[in-house]
Structure formats: structure tokens, C-alpha cells
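Quick note on labels: first sequence line is chain A, next is B, and so on, each numbered from 1. All values derive from a computational prediction rather than experimental measurement.
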Amino acid sequence: MSTKLIESIVEMREDEALNMVNDLIEQGTPMIDIMQECKKAMEEVGNKFEEGEYFVPQLLMAAEIMNQITEMTKEECIDDTNEEDVGTVIMGTVEGDIHDIGKGIVNFNLDVNGFNVIDLGEDVSPKQYIDAINEYKPDIVGMSCLLTVAFDSMEKTIKEIKKAGLRDKVKIMIGGAPINEEVYEYTGADGWAKDAVKAVKLAKKFIGV
Amino acid sequence: MTLTEDWDQLSTEEKYEKRFENFMNPDIDFVSKEVEEKYKKRVKRLKDVVELKKPDKIPIVPNMGFYPAQYAGITAEEAMYDFDKLEMAWKKINNDFNFDCLITSALIGSGPLFETLDFQLYRWPGNGAKPDTPYQCVEKEYMKPEEYDILINDPTGYFMRYYLPRTFGAFEPWKKLSPFTDLVELPFVGGNLVPMGLPDVQESFKKLIKAGDKAMEWIQAVGAIDGQSTAVHGLPANIGGFTKAPFDTLGDTLRGTKNIMLDLYRRPEKIKEAMDSLLPLAIEMGLNSATANNNPFVFIPLHKGADSFMSREQFAEFYWPHLKKLIIGLAKEGCVPSLFVEGAYNNRLDFLEDPELPEDKVYWFFDKTDMVKVKEHLSNKAAFGGNVPASMLKTSTPDKVKEYVRDLIEKVAGDGGYMLTTGAVIDDAEAENMRAMIEAGNKYGKY
């Protein structure tokens with residue numbers, strides 16, 4: 001049954017996967033076992049994305065299925081089955097930019113990989129980042145953008161974090177369509193990632209797992 | 001809209017030549033014979049590229065956003081709200097840089113017009129976005145999944161009573177209007193017109209009258225700015241008309257990115273039916289705008305079919321068929337589809353070689369696609385351009401830009417049919433890098 005659930009999620013068969021989870025819950029399957037299978041499915045989706053077999057629609061569809069399964073299992077959950085987080089990540093789209101789809105996919109992937117993600121939203125000012133770092137004490141700060149005008153925002157935000165004496169307390173990663181090696185050097189970040197799956201790898205590298 | 005009385009009797013080739021003849025001989029008083037010759041030379045250059053020939057030199061035609069505002073020392077907000085400042089900046093960019101095409105002021109838009117309309121689909125500098133940032137689209141599910149059939153059966157009616165009321169505050173009361181297709185006999189007229197008597201509907205029409213006035217002010221302003229730049233410097237516009245691939249119309253601002261991608265799994269047949277309905281409208285839009293502007297180039301920005309946004313199989317099933325019909329429909333009437341591949345098409349360039357597409361009538365330009373691969377696929381089949389990255393013009397150095405352009409030209413321009421252009425639109429750049437691009441383009445771009 002469990003490999004069938006993994007298969008139906010990986011093959012994007014939404015109704016089949018949700019019906020299977022429903023049956024498993026009715027049969028009294030522990031939630032943690034269901035979530036474990038789902039995690040394996042998401043890993044496989046991530047692998048296929050890296051191998052160039054799956055693309056953003058598949059990531060989004062898998063996330064949709066996962067979110068619905070999470071809702072179903074939450075309703076049945078009595079114990080807090082939260083494992084210890086791998087790390088805490090603050091995410092945001094930088095000041096001046098309101099694009100958020102890529103960031104949403106990264107947030108989701110970090111979340112299923114055990115990170116605690118705090119999303120500050122869009123058009124996030126340097127001050128908002130600094131306040132969030134002070135409040136949540138994250139391991140990693142993620143900055144997203146789509147516009148080239150955001151490069152200066154990223155550079156300015158990183159400089160402000162340094163001025164506030166917080167630069168060495170966090171690892172900063174950047175991402176977004178126009179980001180490349182040159183832009184990463186321009187901004188002063190610690191790393192950059194081309195897509196959601198690479199973002200998770202980078203985040204894990206920063207944590208040391 | 002037709003250009004001649006015998007338009008329907010003309011062959012495709014004759015229509016193409018007629019459109020270029022009009023483009024070559026615009027109703028403009030050039031400041032001198034010399035400038036007029038420069039203009040004609042530049043149009044010929046663009047035509048040679050489209051026809052897969054080697055022009056006298058590679059045309060340099062950047063993809064320009066709000067950079068002219070930055071260059072002239074005004075904000076993006078000022079460009080959208082102050083016609084005098086818009087004029088100063090857009091005249092300056094055309095005066096100071098030696099591009100082969102006009103940098104048009106017509107794509108910036110009028111802040112006051114959008115405010116009168118209470119435009120909800122975008123935020124712009126002066127209204128929700130910072131003064132120095134370009135306008136940005138607000139992604140939302142403006143079209144609900146249960147509304148596919150309404151769109152499919154009556155796209156105009158759908159826009160009139162569902163989509164426009166959600167995206168423009170001024171159109172909001174239009175959701176109360178009765179379908180115009182009910183106005184078929186005398187007894188139905190009274191009932192049909194009743195909504196027009198409602199106070200909020202009448203308010204809406206008052207706002208639209210104001211908006212019409214603002215639109216008139218805007219077209220007169222940008223027409224004068226662009227006209228002057230063309231008359232003084234002999235610069236042809238490289239965009240005449242505008243349209244979109246049906247999948248992008250559906251996915252960008254109706255269903256939204258996330259929802260159209262989920263629709264690929266949840267309601268694939270509805271997507272196809274919706275695109276069937278949208279296709280003839282997309283062709284009409286491209287033809288009408290190209291005809292109105294006396295310029296055969298029809299700009300088509302391509303969004304949701306990029307490498308990472310769908311698999312090859314999904315591209316073949318959902319994105320390509322209607323885009324292909326759009327290209328063929330435009331070319332048949334003598335237009336030149338000018339398609340901007342946003343993102344990358346590295347793993348789907350073979351589609352662009354489709355033998356049913358007209359050769360030497362289509363121009364593709366690229367942002368992140370590998371240009372060597374582009375040349376391998378498109379050489380002698382279609383004209384192509386690209387791809388000095390927008391990020392390079394901002395963060396790199398003049399020497400690196402010159403070397404990049406030299407190398408690019410060497411690798412891809414040898415057979416002709418090529419234009420030097422940038423990738424994503426330029427909003428933010430260093431002037432010295434722009435000049436370096438032009439310098440290298442001219443130095444290495446002679447045939």
C-alpha cells in the first residue's frame with residue numbers, strides 16, 4: 001500500500017492519492033507513517049526535477065497534493081508529531097519587488113525537508129529583515145527577486161544587516177530568475193541557487209547536514 | 001483592417017511587401033534627406049535580417065524597459081506621471097545612444113489613466129510600487145475554474161462581465177450588464193438596457209469618459225515624442241503590433257501561474273477549448289495593431305512555455321499547437337511575428353524548426369537560451385536575436401561586455417539573419433556598459 005501511495009503522488013494522480021490517504025487514516029495507520037511515505041514521494045519528485053524529468057508544474061502539483069494530505073492528517077492528529085527542525089530560514093522578496101511564485105516553491109521545498117520557514121512576504125525592507133533576524137534568530141536568510149532593480153536592494157539589505165552587527169550570525173542565500181554568479185558577487189551574499197531543489201541543497205550545506 | 005482595397009486578392013508575399021513599403025515610407029517629415037535615408041537604411045537592415053540575408057551590419061535593437069528614466073535622472077514614477085519628463089528622457093536616450101531602432105515611449109503607460117480606471121491588475125511607481133521600480137503584475141486567480149465554459153462560449157462577454165470588473169475598479173459595475181447578444185428584437189431592448197440606468201453603472205461610464213480623455217492625452221504625448229525621435233534621428237520602431245500566445249493569455253492574468261499549471265492535470269481539455277476560443281482573437285489583435293501602426297513586426301512575449309515551466313510533452317500538447325497557428329495566421333497576412341522567448345528554450349528549440357512555419361518570415365529573440373544552440377537549429381530557417389543579459393549591463397564592466405559581444409557575434413552571426421539584442425528588458429543598467437555593447441556591436445557587426 002505504501003509504495004502505491006508514493007507512486008500515486010509521484011505520478012500526480014491527485015484523487016487516487018487523497019483517497020488512499022483517507023483509507024489509511026480509516027484503517028488507523030499512524031500519521032507519522034503516512035507523512036514518512038509522503039516525504040519519500042517528495043524526495044523522488046525532487047530527484048526527477050534535478051534530473052530534468054520534472055518541472056515546475058510537477059513541483060506545484062506535488063505540493064498541492066501534499067498540502068491536502070497534511071490538512072487531512074492534521075485533523076486526525078492528537079500528538080504533536082513535529083520532528084526537530086533541521087534549521088530556521090527567513091525568506092522574503094526584497095524591497096521594491098512583489099514577485100512571489102518562485103519563493104513559494106522554495107518555501108515549500110525547505111519545509112518538506114525539515115526546515116522551519118518564516119516568510120516575510122514581498123517588498124521586504126532591510127529593517128524588516130533585521131527585525132526578523134533579531135526575533136527568530138534564523139540560521140539562514142533567503143532573498144528572492146525577479147527584477148534587476150532588486151540587485152541593489154539585495155546589496156543594500158546585506159550591508160544593513162552587516163551594519164546591525166548581524167552579518168556573521170546568518171548565512172545569506174539569494175535566488176530568482178536574473179540571479180547568476182556575477183550578481184551573487186555584486187550583492188555580497190554567501191551563496192545563490194538556480195532553483196528550489198538547489199536552494200534546499202545549499203541550505204543543508206549551510207547547516208552542515 | 002486592410003491596407004488596400006484589393007487586400008483580399010493579394011498573395012501573402014504581396015501583403016508582406018506592402019506592409020514593408022508602408023513601413024519604409026511613413027507619413028513623417030524627416031528633418032533632412034540624409035536622416036530619411038538613414039531611416040530607410042535601418043528598415044532595410046531589419047528586412048534583410050528577417051529574410052535571412054546578411055545586412056550591411058548587424059542591427060542593434062535592445063529590449064528596453066525603464067532604463068531611459070534612470071539614464072536621464074528621473075524616476076520611473078515621473079516617467080509615468082509627467083509627460084514633459086517622459087519626453088525629456090525618451091528623447092535623450094534616442095539622442096545619446098546610436099541604436100538601430102527607436103526606443104519607444106509608448107510602453108511606459110500613463111499613471112493618471114490607470115488611476116482613473118482604478119487598475120487592479122498591476123502595481124506601478126506612484127501606486128503601490130516604489131518610485132524607482134517598474135510596474136509589476138499582481139498574480140491572482142482572476143478567472144475561477146468553474147468559469148472556463150463561460151470564457152469558451154463567449155470570450156468578449158466573459159471579459160465584459162467577469163474579468164474586467166475584477167481587474168479594473170471602473171469596470172466593476174459592468175458585471176450587472178446584460179449580454180449585447182440579447183439585443184436582437186425590439187421587445188428585448190428595454191429590458192436589456194435597464195442596467196445602464198443603474199447609478200453605479202452610470203458612474204462607471206462617467207469614469208470611462210474621463211479615462212478616454214486621459215488615453216487621448218497619452219497617445220498625443222507619446223505619438224509626438226516618438227514622432228520627433230524618428231524625424232530627427234531616422235529611427236524605425238521595431239515593434240508595430242502586439243499579441244500573446246493563447247496559453248499565456250489564459251495562464252498569465254486569467255488563471256494565474258500556479259492555477260494554470262494545476263489545470264494541466266485537473267482540467268486539460270478545458271485549457272485546450274479555451275485556447276481554441278482565444279486563438280482567432282489573438283490573431284486579430286496582432287494584425288489590427290500592426291496595421292494601425294504601419295509596421296509589420298508583431299511582438300509576442302512568450303512566458304509559460306519556457307524550459308522549467310513545463311515538460312517537452314506538455315509543451316507539445318498544450319503550448320505549441322496554438323502558438324504555431326498564431327504565427328502562421330500572422331505571417332499569412334504579411335506580418336512578421338517577433339517572438340520574445342523569455343526564460344530559456346534550450347530543450348525545445350527543435351519545435352521552432354517546424355517545417356510548417358514559413359521560412360524567412362519569423363523573428364525569434366532570446367534571453368537565457370544558449371545562442372550557439374539557437375544558431376544550430378534556426379540558421380537559414382528563421383531570423384533570431386539575443387542575448388546580452390540585463391544583469392550583465394548592470395553588474396559587469398565595459399571590457400567584459402565588449403568581449404562578450406565580440407564572442408557572441410563570432411559564434412552566431414556569421415550566416416546573417418541575426419540581430420544583436422538584450423535579454424530581459426533593461427530597467428537598471430550602467431551607461432558605460434550600454435555604450436560598450438553598441439561599440440562592440442558596430443565594430444564586430446559589419447558584414
Novice: Under 4.5 Å, counting heavy-atom pairs only, tell me which of B:M310, B:K394, B:R123 racks up the most with chain A.
Specialist: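 The option with the most such pairs is B:M310.
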Novice: Side chains of A:E182 and B:S396: any donor to acceptor distance under 3.5 Å?
Specialist: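 On atom types as modelled, these side chains qualify, holding a pair under 3.5 Å.
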Novice: Please report the interatomic distance CE(A:M66) to OG1(A:T70), rounded to the nearest 0.5 Å.
Specialist: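 Answer rounded to 0.5 Å: 4.5 Å.
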Novice: Is it the side chain or the backbone of B:Q136 that comes within 4.5 Å of chain A heavy atoms, both, or neither?
Specialist: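 For B:Q136, backbone and side chain are both near chain A.
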Novice: Heavy-atom pairs under 4.5 Å with chain B - which of A:L59, A:D152, A:L146 has more of them than the others?
Specialist: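 Among A:L59, A:D152, A:L146, the one with the most close pairs to chain B is A:D152.
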Novice: Name the member of B:K258, B:Q70, B:R266, B:R312 that forms the most heavy-atom pairs with chain A at distances under 4.5 Å.
Specialist: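 Of B:K258, B:Q70, B:R266, B:R312, B:R266 has the most heavy-atom pairs under 4.5 Å with chain A.
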Novice: Checking heavy atoms, do the side chain of B:K400, its backbone, both or neither come under 4.5 Å from chain A?
Specialist: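 Side chain only.
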Novice: Chain B heavy atoms under 4.5 Å from A:L147: which part of the residue, side chain, backbone, both or neither?
Specialist: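 For A:L147, the contact with chain B is made by the side chain alone.
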Novice: Side chain, backbone, both or neither: which part of B:D307 has a non-hydrogen atom closer than 4.5 Å to chain A?
Specialist: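 The answer is the backbone of B:D307.
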Novice: Within the 3.5 Å criterion, strictly below it, is a donor on B:D248 or B:Y319 matched to an acceptor on the partner's side chain?
Specialist: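 Looking only at side-chain atoms, B:Y319 and B:D248 do form a donor-acceptor pair, the distance falling under 3.5 Å.
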Novice: Checking A:Q58 against chain B: side chain, backbone, both or neither under 4.5 Å from a heavy atom?
Specialist: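 Both backbone and side chain.
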Novice: Which one wins on heavy-atom pair count under 4.5 Å against chain B: A:I179, A:D123, A:N180, A:D97?
Specialist: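 The candidate making the most pairs under 4.5 Å is A:D97.
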Novice: If I take atom CE from residue B:M371 and atom CG from residue B:L408, how far apart are they, to the nearest 0.5 angstrom?
Specialist: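 If we round to the nearest 0.5 Å, B:M371:CE and B:L408:CG are 6.0 Å apart.
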Novice: Heavy-atom pairs under 4.5 Å with chain B: which of A:A150, A:P57, A:S153 has the most?
Specialist: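 The candidate making the most pairs under 4.5 Å is A:P57.
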Novice: Chain B heavy atoms under 4.5 Å from A:D195: which part of the residue, side chain, backbone, both or neither?
Specialist: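 Neither part.
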Novice: Answer with side chain, backbone, both or neither: which region of A:L60 has an atom nearer than 4.5 Å to a non-hydrogen atom of chain B?
Specialist: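 Both parts, backbone and side chain.
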Novice: Take A:E122 and A:K103, measure what salt bridge (charged side-chain N to carboxylate O under 4.0 Å, His left out) needs, and give me the verdict at the end.
Specialist: CA-CA 10 Å; A:E122 297 76 52; A:K103 172 169 66 80; 3.1 Å; yes
Novice: Measure distances from A:D15 to the heavy atoms of chain B and classify the residue's part below 4.5 Å as side chain, backbone, both or neither.
Specialist: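 No part of A:D15 comes within 4.5 Å of chain B.
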Novice: Are any side-chain N or O atoms of A:D190 and backbone N or O atoms of A:M173, one a donor and one an acceptor, separated by less than 3.5 Å?
Specialist: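 The answer is no, because no donor-acceptor pair under 3.5 Å joins these two groups.
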Novice: Examine B:F315 together with B:Y345 and report whether their ring centres are nearer than 6.0 Å.
Specialist: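 Judged by ring-centre distance (under 6.0 Å), B:F315 and B:Y345 do meet the cut-off.
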Novice: Is there a donor-acceptor contact under 3.5 Å from the side chain of A:N113 to the main chain of A:N109?
Specialist: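 A pair under 3.5 Å: yes.
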Novice: Side chains of B:E115 and B:Y81: any donor to acceptor distance under 3.5 Å?
Specialist: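 Yes, a side-chain donor-acceptor pair sits under 3.5 Å.
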Novice: B:Q314 versus chain A, heavy atoms under 4.5 Å apart: side chain, backbone, both or neither?
Specialist: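 Contact with chain A: side chain only.
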Novice: So what's closer than 4.5 Å to chain A heavy atoms on B:Y265: side chain, backbone, both or neither?
Specialist: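 Side chain only.
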Novice: Can you confirm whether or not the ring centre of B:F114 sits under 6.0 Å from the ring centre of B:Y135?
Specialist: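 That pair fails the under 6.0 Å test.
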